[in-house]
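When reading the values below, keep in mind they use all heavy atoms of this one structure, side chains included, and skip hydrogens, waters and symmetry mates. Naming: A, B, ... by sequence-line order, numbering from 1 per chain.
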Amino acid sequence: MKKKLFLILQSVLCLALALGLAAGTLGIYREGSARQAADPLSRIYTPEAVAAALRPVLPLLLIVLLLSALGLVLGIRDENAETPGKRGACPGHPRAVPRWLRPALLVLALALIAAGVFNGSARDVFGKAVKICTECVGLG
Amino acid sequence: MDKIKTAGRPSLRPSTRRLIQLYSALLHNAHLKGFLEGEIYRGGAKYACVPGLNCYSCPGAVGACPLGALQNALAASGHRAGWYVLGILLLFGVTLGRTICGWLCPFGLLQELLHKIPTYKLKKSRVTRALSWLKYAVLALFVAAIPLWSGLSRGLPLPAFCQYLCPAGSFEGAVALLSHPQNSFLFGMLGPLFTRKFLILLGIGLACVFCYRSFCRFLCPLGAIYGLFNRFCLLGVRVDEARCSGCGACVRGCGMDVRQVGDQECIHCAKCLTLCPEKAISLRAGKAVLKAPAAALSTEAQARRRKTGRIAWALALAVLCFALLWFNVLDPAVLPAG
């Protein structure tokens, strides 16, 4: 019973943590957008606003981490999830693939890489990888 | 019946697979100096794509993300065919398949660590099996169609998966960069895009706590690509059909939505090796057996394997030490200017 309560507590805490972070993020965005509507030069997100949003959530995060460590050391886990299901007999084995397929694809892969080096697409990969793509990581 | 287990605690000692995952995550992000300085690595190693999902805007990343590179190549296909990244993906697929997901991908490791948090867990079902097809839709739409359309019709690169979905970019890129005081100017750029992506990151993180490898199973387009090669990749779990009794214990005990061991959902984690009552499953590289149930190998073979394992670990550690030294000290690209 105690272990069941532990799992329920951890589940609720994880949900609460995620909701807390989400609410904090939306709160910063809402206030920041309102501020920016009044003053176009102001920022939506500031380090101070992020710190203020994180402050109430950090104790929750610490509790989740501590309880997780305790649960791992004590071996508390949801065994029901680890018990294999009843359904699912093996539906047979896949047809063997032709023996020439793998070496042929390997040769093709190496040929494509070589072609890419010569046609400059390798350089394109490098060119993108050494720049911070702010849109790609969601910075804007 | 209370199925909450406390007796028979699992060992806290990390498994070989966990150690390899940690090793790989460190190798993917060997530019540790980047975390201290808040800067990304700009050296020649970024010509190469890493096999796992690892954002190239992560301060530690030493290689290019294959998915980001693929989207940019497709977006630029009006000017130049992206043979290079297609060749790299084909090479990874044919040699390793989804073994990359199970053993090498840093984001796969992160998902498994989140799943370790002791909470109630969602079991796989017909719903999760159906959801596992979603990643092919993500691949077709966000990785292929949108970048192609944007590149060919507008002449603008639009890596749609990176921009709208990728949690690795949000976590390893955005959060890692913003955490450094030197990058406080980046706060000025944050707006609705960051809000959306951060909420997606939170949702995926939460899902991973309750549902094993949620991103890997339902959304990851890189797993979708590698899964296409799973049946004939060089390295992976294989079933000895002569020994297999068709009991299905391997499928039932697997955390992924497999129908057969080694199908497109299998990440070759080799958990089924211990589940098979007939000892019919092994992890192979071609004909060489890398991992098999102990009972399936003779004492000499087990001793030989242990010796080979020690040599492999010694070599791997040497490679890691060299990588850490190179990407943080020796590489001209990381030396201070002037």
Are there residues of [range] that reach to under 4.5 Å of chain B by heavy atoms, and which ones?
range	answer
residues 22-35 of chain A	Ala22(A), Thr25(A), Leu26(A), Tyr29(A)
residues 43-53 of chain A	Arg43(A), Ile44(A), Tyr45(A), Thr46(A), Pro47(A), Val50(A)
residues 12-20 of chain A	Cys14(A), Leu15(A), Ala18(A)

Is there a donor-acceptor contact under 3.5 Å linking the side chains of [X] and [Y]?
X	Y	result
Gln260(B)	Arg231(B)	yes
Tyr164(B)	Arg196(B)	no
Lys123(B)	Ser125(B)	no

Under a 4.5 Å cutoff for heavy-atom pairs, which residue among [options] has the most contacts with chain A?
options	result
Leu158(B), Leu122(B), Leu234(B), Leu186(B)	Leu234(B)
Ala69(B), Gly188(B), Pro167(B), Gly93(B)	Gly188(B)
Ala76(B), Cys166(B), Pro157(B), Ala81(B)	Ala81(B)
Cys65(B), Gly43(B), Ala168(B)	Gly43(B)

Legend entry - Residue pair Pro118(B) / Ser68(A), side-chain heavy-atom distance below 4.5 Å: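 In short, these two side chains touch, coming nearer than 4.5 Å.
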Inset, instruction - Indicate the ring-plane relationship of Phe232(B) and Phe229(B), choosing parallel, tilted or perpendicular according to the 30° and 60° boundaries. - result: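 Ring orientation of Phe232(B) relative to Phe229(B): perpendicular.
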Inset, instruction - Between chain B and each of Leu67(A), Ile8(A), Val117(A), Leu70(A), count heavy-atom pairs under 4.5 Å; write down the option with the most. - result: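 Most pairs with chain B among the choices: Ile8(A).
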Inset, instruction - With a 4.5 Å cut-off on heavy-atom pairs, point out which of Gly127(A), Ala115(A), Gly71(A), Ala122(A) contacts chain B the most. - result: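 Most heavy-atom pairs under 4.5 Å with chain B: Ala122(A).
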So what's closer than 4.5 Å to chain B heavy atoms on [X]: side chain, backbone, both or neither?
X	answer
Asp124(A)	side chain
Leu9(A)	neither
Leu65(A)	neither
Leu101(A)	side chain

Legend entry - Test ring pair (Phe, Tyr, Trp, His ring centres under 6.0 Å) applied to Phe210(B) - qualifying residues, sequence neighbours left out: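 Ring pair (Phe, Tyr, Trp, His ring centres under 6.0 Å) check on Phe210(B) returns nothing, list empty.
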